[in-house]
Amino acid sequence: MEKGQSFKTITEPAKKIRIFREADVIVVGGGPGGVGAAIAAARAGADTVLIERYGHLGGMATGGLVNIIPNLGDIYGKQHIFGLCQELIDRLDARQAASYPEKKDWGTTDRKIVERYLDANLRHFYVRLDPKGKEIVLYTALVDPEVMKDELNTMVTEAGAKVLLHSWGTAPVMDGNTVKGVIFESKSGRQAILGKVIIDSTGDGDLLPQVGAEYISKIDPALRISHLCFCFWIVNVDIEKVDEFKLSHPQKHEELMQELTSLSGFPFYFKTLLKTQEGVIWFHPHLECSSQTDVEEMTRVDITSRKRALITWEFLKKYVPGFGKSFMMLTAPQLGTTGGRRIVGEYMLTEEDMNRDEPFEDTVVVFADNDRGELSLKHPEMYIPYRSLVPLKIDGLLVACRAFSSDESVNNVFNLIPHCLCFGQAAGTAAALAIDSDVSVRNVDYGALRNSLIKQGVNLPGVKTVDKPTLSREKV
Ligand SMILES: Cc1cc2nc3c(=O)[nH]c(=O)nc-3n(C[C@H](O)[C@H](O)[C@H](O)COP(=O)(O)OP(=O)(O)OC[C@H]3O[C@@H](n4cnc5c(N)ncnc54)[C@H](O)[C@@H]3O)c2cc1C
């Protein structure tokens, strides 16, 4: 139930439930934020349990069919995101499950390379304008979500964390303002896990209303993060034939796409660049909605979008050469959620911070800022303080997912897969450190936290990174 709503109620009878386990760190939600947190906490020696409601890890990045890890480097070709995120990409790469521009091409204006990404409709993820207005290529990776599910299982369990799949974290265990554990539901019934630090990585900040934390859920409907999405794959497409048709009959193709739109179909799709996914195209339609956490609204969007996805496939198969033998392979098991609740933390990141070029004393990660046009050229780096993961007033809790403490303009740019993996890595490391040094997560020593992250390969201010910018920032 959201703040300010009132309903008729019943009182649940109090009952004793089994304590399934005690742990140091409990992570609720196994998306990019949650896996980052669980791996980091477990590697740092904390006894860690990860609870995930579905049968796989990865959240939107796998079950949501959102399989692009963008903004790893900035417009100047400089890599910013290293650490666990880069490790994951390397591990996927070793399994032919990742595709990205060669390092020498980060920041290139070479038309052949730029065109490769434009042709796949992947401009938004791979191509930006440099200070001279020329199109350049970014360091972004595209990954295979099925291999990623398996690789994440391996990484989390290798780190020593206990994973509980098919388990919904439903309620916190509270002692005053301190979170002491989580109640979860599964086919084994309702059980509790008690822990020293609880990390909310549900993406939506599911624990926030229940622990009594201050949070924000209002989002401007004009922003990307106000949408629900319904992603799906059509496979066995003869892409060459589709391209030939588009080239030889541009007007006919355009008319068909207009007709598809008028039938409520989705005309925009991405072509995969993975060699192992020939003939696959993906759709990521964004859908306006009144709430991303209201069950009735989610149901409405799911039902109507499924119909629209089938309308799309049937139309393409019937009218567009190349789709004749295609079939609808998969609709995302998880409805795409882009925003949700956001914690009010010890530090709330605002639009002003995006134009700030000074690191914080508790900076735990530096992101590439690529999505704000001219402003990104002037401010290609964004500093994230640890305090944006620490809720006000509530103890024993960290937030490591897209629910980090940020206004909607910051969240709209920095809540993507690589960002959430980094929040997770910082939160998991901080949780283990707090337990080790017997302090609350609020009072973690920033220096010790940063040193530990640096040792893990995270790029932090004051540490030399591997790549020199290909262009000078002075030219802006
Ligand atoms: C259509 C679409 C396209 C996008 N495109 C991209 C893109 O190309 N690249 C990119 O980087 N980002 C993209 N994003 C954004 C990105 O996917 C998310 O912002 C990112 O995945 C957020 O990570 P997270 O860990 O915060 O949350 P999520 O990925 O949502 O993961 C949350 C996890 O917690 C689990 N969970 C939730 N509630 C509970 C509970 N109560 N108990 C137990 N488990 C729970 C969920 O099942 C899930 O596994 C896109 C999003 C959408 C919807």
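Model, not experiment: these values are computed from the prediction. Note that ligands are numbered from 1 as they come in the structure, with each ligand's atoms numbered from 1 the same way.
- Of the protein's heavy atoms, Asn415 O, 3.7 Å lies nearest to atom 18 (C) of ligand 1.
- Using a 4.0 Å cut-off to heavy atoms of Met60, the atoms of ligand 1 that qualify are 17 (O), 21 (O), 28 (P), 29 (O), 30 (O).
- Residue Gln334 places a heavy atom less than 4.0 Å from ligand 1.
- In terms of protein heavy atoms, atom 48 (C) of ligand 1 is closest to Glu52 OE1, 3.5 Å.
- Under a 4.0 Å heavy-atom criterion, Gly36 is not in contact with ligand 1.
- What sits closest to atom 5 (N) of ligand 1 on the protein, heavy atoms only, is Val66 CG1, 3.0 Å.
- Phe125 CE2, 3.0 Å is the protein heavy atom nearest to atom 8 (O) of ligand 1.
- No option in Val137, Leu377, Asn71 other than Asn71 meets the side chain to side chain contact (heavy atoms under 4.5 Å, CB included) test with Arg128.
- Protein heavy atom closest to atom 11 (O) of ligand 1, with residue, atom name and distance, is Ile417 N, 2.8 Å.
- Aromatic ring orientation, Tyr54 versus Trp168: perpendicular (interplanar angle above 60°, classes split at 30° and 60°).
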Would Tyr347 and Asp353 count as a side chain to side chain donor-acceptor pair (under 3.5 Å) here? Give the steps. CA-CA 11 Å; Tyr347 190 94; Asp353 293 303; 2.7 Å; yes
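- With salt bridges taken as basic N to acidic carboxylate O contacts below 4.0 Å, none links Glu22 and Lys162.
- Heavy-atom proximity to Ser167, at under 4.0 Å, picks out these atoms of ligand 1: 43 (C).
- Atom numbering of ligand 1 starts at 1 in the shown order; those under 4.0 Å from a heavy atom of Cys420 are 22 (C), 23 (O), 26 (O).
- In terms of protein heavy atoms, atom 33 (C) of ligand 1 is closest to Gly31 N, 3.4 Å.
- Gly64 does not count as a contact of ligand 1, since none of its heavy atoms falls under 4.0 Å from the ligand.
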Take Arg116 and Asp119 through the test salt bridge (Lys or Arg N to Asp or Glu O under 4.0 Å) and record every step on the way to the result. CA-CA 5 Å; Arg116 178 163 193 254; Asp119 173 64; over 6 Å; no
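- With hydrogens left out, the protein atom closest to atom 15 (C) of ligand 1 is Leu416 CD2, 3.9 Å, a heavy atom.
- Summary of contacts: the protein heavy atom closest to atom 36 (N) of ligand 1 is Arg53 NE, 3.4 Å.
- Counting atoms of ligand 1 from 1 in the listed order, those under 4.0 Å from a heavy atom of Gly336 are 53 (C).
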